[in-house]
Protein chains: 2
Amino acid sequence: MKEAKLTEKQIYERIWKSIAERRLPPGTRLKEERLCEIFGVSRPRIRRALDQLTHDGLVSHIPNRGAFVTTPSVDEARDVFFTRRVVERGVIEALQKRGAQDKLAALETHIAEEREALAEGDTARIIRLSGAFHMLLAELAASPHLADILRDLVSKSTLVTAVFQPKCDAQCGPDEHAAIVAALAAGDFDTAKTAMDAHLIEAERLLELEASGDGTGPQDDVLGAALSKEL
Amino acid sequence: MKEAKLTEKQIYERIWKSIAERRLPPGTRLKEERLCEIFGVSRPRIRRALDQLTHDGLVSHIPNRGAFVTTPSVDEARDVFFTRRVVERGVIEALQKRGAQDKLAALETHIAEEREALAEGDTARIIRLSGAFHMLLAELAASPHLADILRDLVSKSTLVTAVFQPKCDAQCGPDEHAAIVAALAAGDFDTAKTAMDAHLIEAERLLELEASGDGTGPQDDVLGAALSKEL
DNA sequence: TCTACAATTATTGTTAACAATGTTTGAACA
DNA sequence: TGTTCAAACATTGTTAACAATAATTGTAGA
């Protein structure tokens with residue numbers, strides 16, 4: 001059962017994934033000691049992982065208080081989606097440059113999975129797959145920097161939707177993703193860009209950005225539940 | 001003389017600046033102990049700063065070997081400039097959205113400084129100001145995410161030019177910057193985008209990306225010199 | 001009964017000592 | 001004389017103990 005010593009990168013990845021897939025909602029306190037128990041490592045290791053997440057903006061660190069999953073503000077929400085439009089347009093351009101015809105099958109498969117999750121009403125899986133679609137696109141684009149950037153933005157989007165879209169868990173619809181892929185398959189990259197832009201604008205529109213921003217902050221022991229069985 | 005305890009963020013900033021302004025060239029070894037002496041803090045603090053820089057891609061960390069200023073590859077160089085084109089186009093769109101007329105004076109002043117540095121042949125200052133122009137633009141755009149992203153990209157660009165443009169320190173010419181600002185002043189954002197794109201393509205063209213990538217790696221005590229008097 | 005102050009407790013931040021790993025230098029052998 | 005192996009050194013990686021700060025709770029006074 002000994003897990004051969006988790007490296008800080010693995011810890012970082014696992015916490016990141018838990019946040020990105022919304023098992024660790026905004027406001028959740030990330031107590032160092034508790035994380036030590038969960039991962040079976042000592043505090044400095046945890047500390048380094050949390051530092052990285054703080055640097056990414058996913059975690060907010062208050063001196064002498066501790067680390068919390070960031071609760072995005074309205075301005076931040078708007079900026080995240082604006083930046084995503086800029087970046088994801090670039091992703092499509094990168095796909096155009098390198099020719100994307102070869103890897104379309106993977107995208108089709110992914111969308112099929114999304115439809116399946118939607119049909120089953122598996123919320124957690126829907127959230128995961130919605131983000132993964134955009135990441136998959138970025139990886140196919142073969143631009144490491146764009147992929148890195150988008151990775152951050154997608155995870156922040158998850159926090160944003162968690163705060164500003166509390167009820168409707170609809171997220172990205174598979175149909176809108178399909179429209180983008182269809183345009184790519186047709187080699188019509190301008191249409192693909194337009195579809196992507198529309199998709200992101202729609203996602204932003206679904207948010208309740210006029211709202212007060214209630215700042216919900218659960219503090220229960222979601223930590224163990226979220227991080228223990230994160231696939 | 002006591003410097004009131006440098007926080008890890010300050011250390012990060014100072015090392016970052018030294019790399020971005022090319023006082024710490026690619027391949028430079030960043031020995032923890034030496035950095036401790038320079039900043040007068042203990043190792044864990046240095047460690048955290050180096051971790052952040054590693055996460056940014058500015059520093060490469062080899063296990064049990066230490067940290068080095070990253071030496072970018074040809075592929076990385078191309079990707080950096082491609083990504084910059086995507087992002088900086090976004091910056092101009094953001095300027096368009098919020099109306100950029102109010103802060104043009106700052107840009108004009110900046111360009112004047114660039115011309116001055118160029119006339120004096122002050123290479124270090126030219127490098128600093130070239131990067132700062134693009135950052136200034138991003139800050140005026142009022143998109144924290146774009147600014148953050150561009151910050152990383154600009155510093156990586158510095159590394160790229162250090163490796164692939166060894167002789168000609170020309171960097172960005174003030175005239176090309178002026179062209180962008182002129183378009184912004186005229187409210188012609190499409191032209192501004194075109195000018196920015198051309199500017200970045202020109203910068204990439206000046207690189208010798210066909211070359212072998214010699215991987216120069218000075219190991220002398222540039223550390224003290226670079227970090228002690230970094231303004 | 002409510003408020004303010006103080007003491008305790010819990011948590012983070014820091015430092016120092018220790019262990020493990022990789023590198024370099026020297027010597028011995030081919 | 002060149003090459004290989006071994007030992008010593010230097011540097012990073014880890015752990016554990018300690019100090020400082022902030023929050024909370026309880027008590028006393030109004």
Side-chain angles (χ1 to χ4, degrees), chain A residues 2-15 24 27-56 58-71 215 217-224 227, chain B residues 2-15 19 24 27-71 215 217-224 227:
Chain A
K2 193 77 170 342
E3 297 210 22
K5 215 173 215 175
L6 281 71
T7 175
E8 64 272 5
K9 190 168 181 129
Q10 292 174 307
I11 296 170
Y12 167 82
E13 288 293 339
R14 286 179 63 177
I15 300 178
L24 256 33
T28 305
R29 178 165 192 184
L30 300 168
K31 189 149 60 181
E32 296 183 356
E33 198 184 326
R34 186 80 187 86
L35 292 169
C36 292
E37 292 173 15
I38 292 170
F39 290 111
V41 299
S42 12
R43 263 180 46 208
R45 196 76 67 88
I46 297 291
R47 225 143 204 297
R48 290 178 70 174
L50 289 178
D51 281 343
Q52 303 298 325
L53 291 163
T54 302
H55 195 238
D56 291 341
L58 250 56
V59 165
S60 300
H61 195 91
I62 304 171
N64 293 315
R65 287 288 311 281
F68 302 80
V69 177
T70 297
T71 303
Q219 231 124 320
D220 302 342
D221 188 82
V222 282
L223 271 186
L227 288 164
Chain B
K2 193 76 170 342
E3 298 212 20
K5 215 174 213 174
L6 281 71
T7 174
E8 64 271 4
K9 190 168 182 131
Q10 291 173 309
I11 295 171
Y12 167 83
E13 288 293 340
R14 285 179 64 174
I15 300 178
I19 294 175
L24 257 34
T28 304
R29 180 165 191 184
L30 300 169
K31 188 148 63 179
E32 295 184 357
E33 198 184 325
R34 184 84 187 83
L35 292 169
C36 292
E37 293 173 14
I38 293 170
F39 290 111
V41 299
S42 14
R43 264 179 47 210
R45 195 78 65 89
I46 296 292
R47 222 142 206 298
R48 289 177 71 175
L50 289 178
D51 282 343
Q52 303 298 323
L53 291 163
T54 302
H55 195 238
D56 291 341
L58 251 55
V59 164
S60 299
H61 195 90
I62 305 171
N64 292 317
R65 285 288 311 283
F68 302 81
V69 177
T70 297
T71 303
Q219 232 125 321
D220 303 341
D221 187 82
V222 282
L223 271 188
L227 288 166

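Computation of the quantities below employed the complete heavy-atom set of this structure, encompassing side-chain atoms and omitting hydrogens, waters and symmetry-equivalent molecules. Each chain gets a letter, A, B and so on, in the order the sequences are listed, and its residues count up from 1.
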Given atom NZ of A/K31 and atom C1' of C/dT12, what is their separation to the nearest angstrom? 12 Å
Please give, in whole Å, the distance from D/dT11 P to B/L35 CG? 12 Å
What is the distance, to the nearest angstrom, from the CD1 atom on B/I46 to the P atom on D/dT14? 18 Å
Rounding to a whole Å, what distance do you find between B/E33:CD and D/dT11:C1'? 8 Å
What is the separation between atom CG on B/D51 and atom P on D/dT12, rounded to the nearest whole Å? 13 Å
Side-chain N,O (A/S42) to OP1/OP2 (D/dT15) below 4.0 Å: yes
Got a sec: does the CD of A/E37 have more than 12 other heavy atoms crowding it under 6.0 Å? yes
For the rings on A/Y12 and B/H55, is their centre-to-centre separation under 6.0 Å? yes
Atom pair distance, as rounded to whole Å: CZ in B/R45 and C1' in C/dT15: 11 Å
To the nearest Å, give me how far apart CZ (B/F68) and C1' (C/dG22) are. 11 Å
Does a side-chain N or O of A/R47 approach OP1 or OP2 of C/dT12 to a distance below 4.0 Å, or not? no
Could you check whether any side-chain N or O of B/T70 sits under 3.5 Å from a backbone N or O of B/S60, counting only pairs where one atom can act as donor and the other as acceptor? yes
Does a side-chain N or O from A/H61 land closer than 4.0 Å to OP1 or OP2 of C/dG13, or not? yes
Assert: residue with more 5' nearest nucleotide on DNA chain D, out of A/R43 and A/R65, is A/R43
Pair A/R47 + A/E32: basic N to acidic O under 4.0 Å: yes
Whole Å only: how far is the CD1 atom of A/I62 from the P atom of D/dA23? 9 Å
